[in-house]
Structures are given as C-alpha cells and as structure tokens.
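Notes follow once the structure below has been shown.
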Amino acid sequence: MERTSVMGDWDRHREQERDRERERPAPRTNVWAFSLQIGLFAGLIWGAVKIGASYFKFTRINSGFVAKPFFTQAYMNSTAGFWTGWLAFIAFSLVAALLYAGLFRKIRGPWMGLVYGASWWALLYLLFGPVMGMMRRIDRLDWNTIVTDFCFFLVWGLFIGYSISFEFTDEREREPSSPIS
C-alpha cells in the first residue's frame, strides 16, 4: 500500500490550482468604465495640484479655467465658483480620458501620454483658451505660468495616457513577477 504524505497532497493540490488558473481566461476590463475611473482620479488629483500651483502663485491660471467662459468673473472668484471650476476640470478630465481610450489605448509606453498632454496644452493655451475667454493670449502670460502649466499638462496627460495604456496593452507582462506563489 502506497502512503502519501500530507505535504505531497498539498503540493499536488497547489499545482492543480495553478493549472486551473492558467487555463482560465483573464477577466477583461471594461474600457469605458476604466477610462472614466482614470479620468475621475486625473481630475481630482491634478485639479488639486493645479489649485496648489495657483495658490502658491506658480501660475496665474486657476483650476477653474475650463468653466470660466460659462460663468461671470465674480462667481468664479467665489467659493461656489472654486468648486464649480474643480468639477469642470474633473469633467474635462473624464472626456479627455474617454477620448484617449478611444484613440490611443493600444499604444505602449508613456510617450503617447506626454504627447497627449502637450497637445491639450497647445489646443487650450494657443487656440481655444484665448478665443473662448478661458485665459489671455500666450504672449500676455508670464513665463512662470507658461512653463508651470505646460509641465502640468505633461504630467496630467502622462497620468491618463500611461494608466490607460498600461491596462490595455501587455505592459504588465514586463513587470517582475512576485517571488511568492
């Protein structure tokens, strides 16, 4: 009669579990729900960073610049205007994340996110912003504002782009595996 040890049974059981896990398809992430989640956190986190940069006078353009064309200056300078501006930036980030997911989610690496952020900066600061009254023309802005906001949009675009690309490409396969199995 053959005797097996408890540890032998346990090892066999663990090996069978690993085989079953390998056979199961990985759960698929919903593109749009994930993008909305990334956009929400991009708006919350980077909106707060923009508020801090504005508070410490690194930039003259506050986080509510997106809502500025739709409200009076007196309202935008109030507490309600502050919160409205932050919510508008969150909504803007949600739309930007959905757009990135629709167009660029399969592009690997961080570079497209940087290009995406720089493109949004150019669109807003060179084209739409001055025309819609969000901000003054770029030749009327000081260098601190220009550099701070350009860098801000770079990291904002990087956050959105790389977060989405990391989820929908095989970037996770390049991460080192955990030594605990």
Side-chain angles (χ1 to χ4, degrees), residues 31-105 107-169 171 175:
V31 174
W32 309 115
F34 184 78
S35 299
L36 285 173
Q37 183 180 9
I38 294 299
L40 173 69
F41 285 106
L44 286 170
I45 295 167
W46 296 107
V49 169
K50 184 90 169 108
I51 290 166
S54 170
Y55 178 79
F56 289 113
K57 308 282 191 248
F58 291 122
T59 179
R60 294 181 188 265
I61 299 171
N62 64 18
S63 64
F65 74 95
V66 178
K68 201 171 179 185
F70 307 106
F71 298 99
T72 64
Q73 187 63 35
Y75 177 77
M76 290 307 295
N77 290 336
S78 69
T79 303
F82 167 82
W83 292 109
T84 302
W86 197 357
L87 288 173
F89 187 77
I90 291 169
F92 168 68
S93 297
L94 288 168
V95 171
L98 288 171
L99 187 62
Y100 188 92
L103 297 174
F104 307 118
R105 74 176 173 263
I107 297 176
R108 294 181 185 174
W111 299 109
M112 190 60 210
L114 290 170
V115 170
Y116 191 67
S119 299
W120 272 112
W121 179 86
L123 282 172
L124 290 173
Y125 284 70
L126 301 175
L127 188 60
F128 294 119
V131 172
M132 295 181 71
M134 292 180 190
M135 63 202 67
R136 291 183 277 166
R137 287 191 346 235
I138 197 159
D139 62 342
R140 304 228 173 158
L141 295 174
D142 61 290
W143 279 104
N144 285 340
T145 297
I146 294 169
V147 171
T148 299
D149 287 351
F150 182 74
C151 292
F152 168 79
F153 272 94
L154 282 179
V155 293
W156 172 81
L158 179 65
F159 179 85
I160 290 173
Y162 198 51
S163 297
I164 291 172
S165 294
F166 191 83
E167 182 68 22
F168 296 107
T169 61
E171 292 287 333
E175 290 291 311

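Just so you know, these numbers come straight off a predicted model, no measurement behind them.
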Measure up the Tyr100 and Tyr116 rings against each other and bin them: parallel (under 30°), tilted (30 to 60°), perpendicular (over 60°). perpendicular

Compare all side-chain heavy atoms of Ile51 with those of Asn62 and state whether any distance is below 4.5 angstrom. no

For the pair Phe89 and Phe152, name the ring-plane relationship: parallel under 30°, tilted 30 to 60°, perpendicular over 60°. tilted

Determine yes or no for a side-chain-to-main-chain donor-acceptor pair under 3.5 angstrom, with Lys68 supplying the side chain and Gly85 the backbone. no

Beyond-backbone contact of Trp111 with Val115, side-chain heavy atoms, under 4.5 angstrom: no

Between Arg60 and Asp142, what is the shortest heavy-atom contact and its length? NE-OD1, 3.0 Å

Would you check if the side chain of Ser165 reaches a backbone N or O of Gly161 as a donor-acceptor pair within less than 3.5 Å? yes

Sidechain-backbone polar pair: Thr145 side chain, Leu141 backbone, donor-acceptor under 3.5 Å: no

CZ of Phe65 to CE of Met134, rounded to nearest 0.5 Å, is 7.0 Å

Which heavy atom of Val66 sits nearest to which heavy atom of Ala88, and what is that distance? CG1-O, 4.1 Å

Nearest-0.5 Å distance that lies between atom CZ in Arg136 and atom CD1 in Ile61: 8.0 Å

Decide side-chain contact (heavy atoms from CB on, under 4.5 Å) for Phe159 and Val155; before the verdict, give the C-alpha distance in whole Å, the side-chain angles of both, and the deciding distance to 0.1 Å. CA-CA 6 Å; Phe159 179 85; Val155 293; over 6 Å; no

Could you tell me if the ring centre of Phe150 sits under 6.0 Å from that of Trp121? yes

Does atom CZ (Phe82) have a neighbourhood of more than 12 heavy atoms from anything else shown, all under 6.0 Å? yes

As a test of understanding, state which of Tyr125, Phe128, Phe153, Phe92 forms a ring-ring contact (aromatic ring centres under 6.0 Å, His included) with Trp120. Phe92

If I take atom CG from residue Leu154 and atom CG from residue Asp149, how far apart are they, to the nearest 0.5 angstrom? 11.0 Å

How far does CH2 of Trp46 sit from CD1 of Ile160, to the nearest 0.5 angstrom? 10.5 Å

Just wondering, are more than 12 heavy atoms of other shown residues or ligands nearer than 6.0 Å to CZ in Phe34? yes

From Leu40 atom CG to Ile90 atom CD1, the distance as rounded to the nearest 0.5 Å: 6.5 Å

Look at the side chain of Thr169 and the backbone N and O of Arg108, then say whether any donor-acceptor pair between them is shorter than 3.5 Å. no

CD1 of Ile38 to CZ of Arg105, rounded to nearest 0.5 Å, is 14.0 Å

Describe, in one word, how the ring planes of Trp83 and Trp86 are oriented to each other, choosing from parallel (under 30°), tilted (30 to 60°) and perpendicular (over 60°). parallel

